[in-house]
Amino acid sequence: MYKDKILRLLQSSKEGFISGEELARKCGISRTMVWKHIKSLERDGFGIQAVPSRGYCITSVPDILRPGDIKLGLKTRVVGKEIELLPEVASTNTRAMERASNGAPEGTVVIAEVQTGGKGRLGRKWISPKGNLYLSLILRPDIPMHKAPLITLMGAVAVAEAIRKQCALNAAIKWPNDVLISGKKVSGLLTEMSAEQDRVRHIVLGIGVDVNMELGVLSPDIRELTTTLSVEAGEKIDRNVLLREILRDLDHWYQVFLSNPQDVLSEWKSLNFTLGNRVVVSGAGDTLDGVAQGVDNDGRLIIRLDDGAIRTVAAGDVTMKKKR
Ligand code: BTN
């Protein structure tokens with residue numbers, strides 16, 4: 001599409017300005033057609049400055065996800081080979097689970113601008129207004145079911161690293177897979193799977209990242225535990241660029257997971273701040289109070305209780321306590 005090509009040329013113009021003549025030549029269309037496409041981009045929300053004898057220059061981009069931008073230079077092996085971008089869906093995880101059952105290839109990503117029934121861990125809701133990222137990745141690793149939690153840890157590593165690189169923010173991981181900045185949650189991951197005789201058939205790795213939303217849409221109790229990337233960075237974040245980086249990092253860490261899962265665990269450990277702290281773990285039946293000692297090879301949290309007993313926990317919520 002010429003409009004997309006014009007957008008790409010404007011975005012990659014190093015001098016800032018690119019003349020109508022050059023755009024026309026590179027696209028093989030008339031200058032009048034270029035002008036019409038520029039007007040159409042403006043209607044889409046792009047700010048475009050036109051200066052006689054210099055040409056056109058992008059001054060602002062609208063905060064909408066665009067397939068062309070997400071895929072720009074995305075040289076991944078598996079992740080994002082197929083992308084489904086929806087304006088609204090109940091839950092990208094539910095949609096991805098359906099698509100996986102219907103044979104969607106590994107690496108397919110379902111993305112939505114808004115979720116009306118976003119799902120969180122432990123049966124909670126995930127509030128999903130405009131301005132954030134909601135995506136679900138279909139994977140088909142040949143692994144036993146008990147190794148599936150490692151995929152979620154892998155996802156948390158990829159998201160934390162993408163945020164660190166793209167937004168220069170100090171993202172860290174709280175067990176099992178919350179990504180936090182300055183102690184507040186900015187991203188959560190929810191893995192769902194289908195299995196047969198203890199082997200994984202497919203896994204859907206769902207990721208929600210709070211990027212540009214207004215924190216005011218959240219209820220006060222959730223709001224005080226939550227932050228957004230734009231609040232932390234002090235500026236609006238380009239969601240297309242961040243999403244592309246997340247897909248790249250997912251692709252990288254998935255390859256690492258397949259070849260050497262221990263490397264995923266070491267990276268997770270270096271990004272996590274749960275281990276070594278006094279914690280209370282709830283939501284896993286009983287409540288455990290002790291020191292987070294480590295994670296085992298399947299990603300379960302190892303806790304040393306005050307009486308010295310060691311317990312491992314596969315799911316739950318961790319609250320950090322001040323060190324004594
Ligand atoms: C958590 O409770 O921390 C996990 C939140 C996971 C939310 C994401 S948003 C995309 C995907 N679709 C869903 O319905 N949930 C996950």
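All ligand and atom numbering here is 1-based and tracks the order in the structure.
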Looking only at non-hydrogen atoms, which of Arg121, Arg124, Lys185, Arg95 approaches atom 3 (O) of ligand 1 most closely?
-> Lys185
Pair Glu84-Thr108, side-chain donor/acceptor within less than 3.5 Å | no
Nearest non-hydrogen contact to atom 4 (C) of ligand 1 from the set Val179, Leu189, Thr94 belongs to Leu189
From Asp178 CG over to Asn272 CG, what is the distance, rounded to the nearest 0.5 angstrom?
-> 12.0 Å
Is Tyr134 close to ligand 1, meaning an N/O of one under 3.5 Å from an N/O of the other?
-> no
Among side-chain atoms of Asn93 and Ser91, is any donor-acceptor pair under 3.5 angstrom?
-> no
Give the atoms of ligand 1, by number and element, whose distance to some non-hydrogen atom of Thr92 is under 4.0 Å.
-> 10 (C), 11 (C), 12 (N)
Measuring from Asp298:CG to Lys147:NZ, what's the distance to the nearest 0.5 Å?
-> 4.0 Å
For the atom pair CG (Leu180) and CZ (Phe273), what is the distance rounded to the nearest 0.5 Å?
-> 4.5 Å
Under 4.0 Å between heavy atoms, the region of Leu122 that gets near ligand 1 turns out to be neither
What atoms in ligand 1 come closer than 4.0 Å to a heavy atom of Leu190?
-> 6 (C)
Can you sort out which atoms of ligand 1 are near Leu135, meaning under 4.0 Å from one of its heavy atoms?
-> 10 (C)
Would you tell me whether Glu232 and Ser182 have side-chain atoms, one donor and one acceptor, within less than 3.5 Å of each other?
-> yes
Ligand 1-proximal atoms of Ser128, by part, heavy-atom distance under 4.0 Å = neither
For ligand 1, is there an N or O atom under 3.5 Å from any N or O atom of Ser91?
-> yes
Looking only at non-hydrogen atoms, the one of Gln115, Lys125, Lys119 nearest atom 15 (N) of ligand 1 is Lys119
Please report which non-hydrogen protein atom sits nearest to atom 5 (C) of ligand 1, along with the residue it belongs to and the distance in Å to one decimal place.
-> Trp126 CE3, 3.3 Å
Do Trp253 and Glu161 have side-chain atoms, one donor and one acceptor, less than 3.5 Å apart?
-> yes
Atom pairs and distances, donor-acceptor, side-chain atoms in residues 200-207, under 3.5 Å, two or more places apart:
| from | atom 1 | to | atom 2 | distance (Å) |
| --- | --- | --- | --- | --- |
| Arg201 | NH1 | Ser194 | OG | 2.8 |

Counting from 1, what ligand 1 atoms have a heavy atom of Gly118 closer than 4.0 Å?
-> 14 (O)
